[in-house]
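Below, read A as the first sequence line, B as the second, and so on, with proteins coming before strands; counting in each chain starts at 1. Bear in mind that the values here come from a model prediction, so they are computed numbers and not experimental data.
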Protein chains: 2
Amino acid sequence: MGRRSDHTRDELKALFILEGWRLLAETGLSRFSARDVAKRVGYSIGTLYVVFGSLDGLLLSINARTLKLWSDFLAARLAENPPDRIAALVRGYFDFALQNPRTWMAIYEHHMADRGPAPDWYQEVAANLIAQVAEEIATVLPNASPSQLLTMARSLIATVHGHCAFAVYNTFDMLGENDPAGLALMRVRETLAAAKLASA
Amino acid sequence: MGRRSDHTRDELKALFILEGWRLLAETGLSRFSARDVAKRVGYSIGTLYVVFGSLDGLLLSINARTLKLWSDFLAARLAENPPDRIAALVRGYFDFALQNPRTWMAIYEHHMADRGPAPDWYQEVAANLIAQVAEEIATVLPNASPSQLLTMARSLIATVHGHCAFAVYNTFDMLGENDPAGLALMRVRETLAAAKLASA
DNA sequence: GAAATAATTGAGCACCGTTCAAAAAACAAT
DNA sequence: ATTGTTTTTTGAACGGTGCTCAATTATTTC
């Protein structure tokens, strides 16, 4: 039943996102349902649709929360001043994905269908991640141009992502592999070493 | 209405798979529906469920068809006797995915939910792909052990897959990148070169 | 207070995957 | 041919989904 003055619009939105995130973490995208989220928050399905417009809108906000958590997770790892910052990033990428498999997978499985490209703030988060990685690479390759750094960051993220996706989905028995994150890290080191050699 | 003697069970199964594959290619997994497949084939939804048991079963068979097409695609590329077989494999991986984005994506997006691991024949197809790649790597690294070759094959496939997934999903504006497949190929070459050096 | 405005609701719509008693078709025996 | 048996095919029915929007409820305004 209505609890009109209990929550502002923003509080209500945050409530839906938080509880939606939890449900997604429990059930995965295929069993996720807007009605369940509304029931858990204690508002009606109609209110949810007033706030988010569509299931896509809700899922987009939930994925944004996952990206934020992921970003914070990586920042926390770097804040520990690890001796090897590149290794910390790669391990962080894997650890977050393996600790939050369902919400992590939802980022990649939820397409905005026709609705064209992702919204600006979404693209911005992605650009930030690339820029941060490029920064770390810059300390290893001080002679690389900004555009070279961006391309390399994208390629290294893709490399790590491929290994991580296989590990999370357990494709090719990747988890049977002693250490998929270690494998990805080896690939990253090879690339950086090759770039270092080429620039010398 | 029934067309009982028009098709054997196997013909019927093949019909459902073919038409299902086409629908999947047109609509993508999120808009895919068993009723639509049945309607297109001209049999009832009930018959589809007798043949496949569930939507999961149908999708599994459709994904198997995609894997077969992909495998044939790669074999055809290699059959052209390209000067660089590794490059042919990487380009083939990308070209098939970009030419069949929806059916390719469905392979990775369709989880068997709880139903445990993928069926044996599915694992077998995966193992075959890894083995074939390992064979190609073996010609470049004649001194590597079989287990080293398998691990390297898995890692290189993961590397290529990561770049390809970003290209197909257009994550990080990967398609804005001049040549994502070329980028993946560079990473593969670096790894092979590093392995060659280490074994020398 | 009453009137106007804003927020919230949930039955209703068209669809989904899935089931299963009944109907239709094919076959077997006489 | 006719009957009985078996196999194949059907599609209405069930509980669920995303989504809408007239109607209800709560708040604010005067």
Q: Between A/Tyr108 and B/Phe166, what is the ring plane arrangement, given parallel below 30°, perpendicular above 60°, and tilted in between?
A: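 The rings of A/Tyr108 and B/Phe166 lie parallel, inter-plane angle below 30°.
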Q: Between A/Asp56 (CG) and D/dT17 (C1'), how many Å, whole number?
A: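 Going from A/Asp56 (CG) to D/dT17 (C1'), I get 14 Å.
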Q: B/Ser44 side chain: which of D/dT10, C/dT18, D/dC19 is closest?
A: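 Nearest nucleotide to the side chain: D/dT10.
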Q: Ignoring backbone atoms, test whether A/Thr47 places a side-chain nitrogen or oxygen under 4.0 Å from the OP1 or OP2 oxygen of C/dT8.
A: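 A/Thr47 to C/dT8 OP1/OP2: no side-chain N or O under 4.0 Å.
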Q: Mind calculating the distance between CG (B/Leu60) and P (C/dG17) to the nearest angstrom?
A: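 Taking atom P of C/dG17 as the reference, CG of B/Leu60 is at 16 Å.
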Q: Can you tell me if CD on A/Glu135 sees more than 12 non-hydrogen neighbours from other groups inside 6.0 Å?
A: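 No, because the 6.0 Å sphere around CD of A/Glu135 holds 12 heavy atoms or fewer from other groups.
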Q: Just jot down the side-chain contact (heavy atoms from CB on, under 4.5 Å) partners of A/Arg65, sequence neighbours excluded, or say none.
A: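 So A/Arg65 forms a side-chain contact (heavy atoms from CB on, under 4.5 Å) with A/Ile17, A/Leu18, A/Trp21, A/Leu69.
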Q: In plain terms, say whether B/Arg77 and B/Asp95 are close enough for a salt bridge, that is, a side-chain N and a carboxylate O under 4.0 Å apart.
A: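 Salt bridge present between B/Arg77 and B/Asp95.
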Q: Please state how far atom CZ in B/Phe52 lies from atom C1' in D/dT9, giving the value in whole angstrom units.
A: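 Computing the B/Phe52:CZ to D/dT9:C1' distance gives 16 Å.
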Q: Determine whether the aromatic ring centres of residues A/Trp104 and A/His110 are separated by less than 6.0 angstrom.
A: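 That pair fails the under 6.0 Å test.
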Q: So if I define the base as every atom that isn't primed, P, OP1 or OP2, how would nucleotides 11-16 of chain C read as a B/S/- string at a heavy-atom cutoff under 4.0 Å?
A: -B---B
Q: Send over the distance from B/Leu48 CG to D/dT8 P, rounded to a whole Å.
A: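 Roughly 16 Å, once rounded to whole Å.
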Q: Send over the distance from A/Leu12 CG to C/dA7 P, rounded to a whole Å.
A: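 Interatomic distance, CG of A/Leu12 to P of C/dA7: 11 Å.
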Q: Whole angstroms only, please: what is the NZ-P distance between A/Lys39 and D/dG16?
A: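 Rounded to whole Å, this separation is 9 Å.
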Q: Send over the distance from B/Lys13 NZ to D/dT9 C1', rounded to a whole Å.
A: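 To the nearest whole Å, that distance equals 18 Å.
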Q: Is a donor from one side chain sitting under 3.5 angstrom from an acceptor on the other, for A/Ser155 and B/Arg187?
A: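 Yes, because at least one side-chain N or O of A/Ser155 sits under 3.5 Å from a partner of the opposite role on B/Arg187.
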Q: Within this structure, what is the CZ-to-C1' distance between B/Phe16 and D/dT10, rounded to whole angstrom?
A: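 These atoms are roughly 12 Å apart.
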Q: When you measure from the side chain of A/Thr171 to the backbone of A/Ala167, do you find a donor-acceptor pair of N or O atoms at a distance under 3.5 Å?
A: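 Here the side-chain-to-backbone pair does not exist.
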Q: In terms of side-chain heavy atoms of B/Tyr49, which of C/dA7, D/dC19, C/dT19 is nearest?
A: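 Nearest listed nucleotide: C/dT19.
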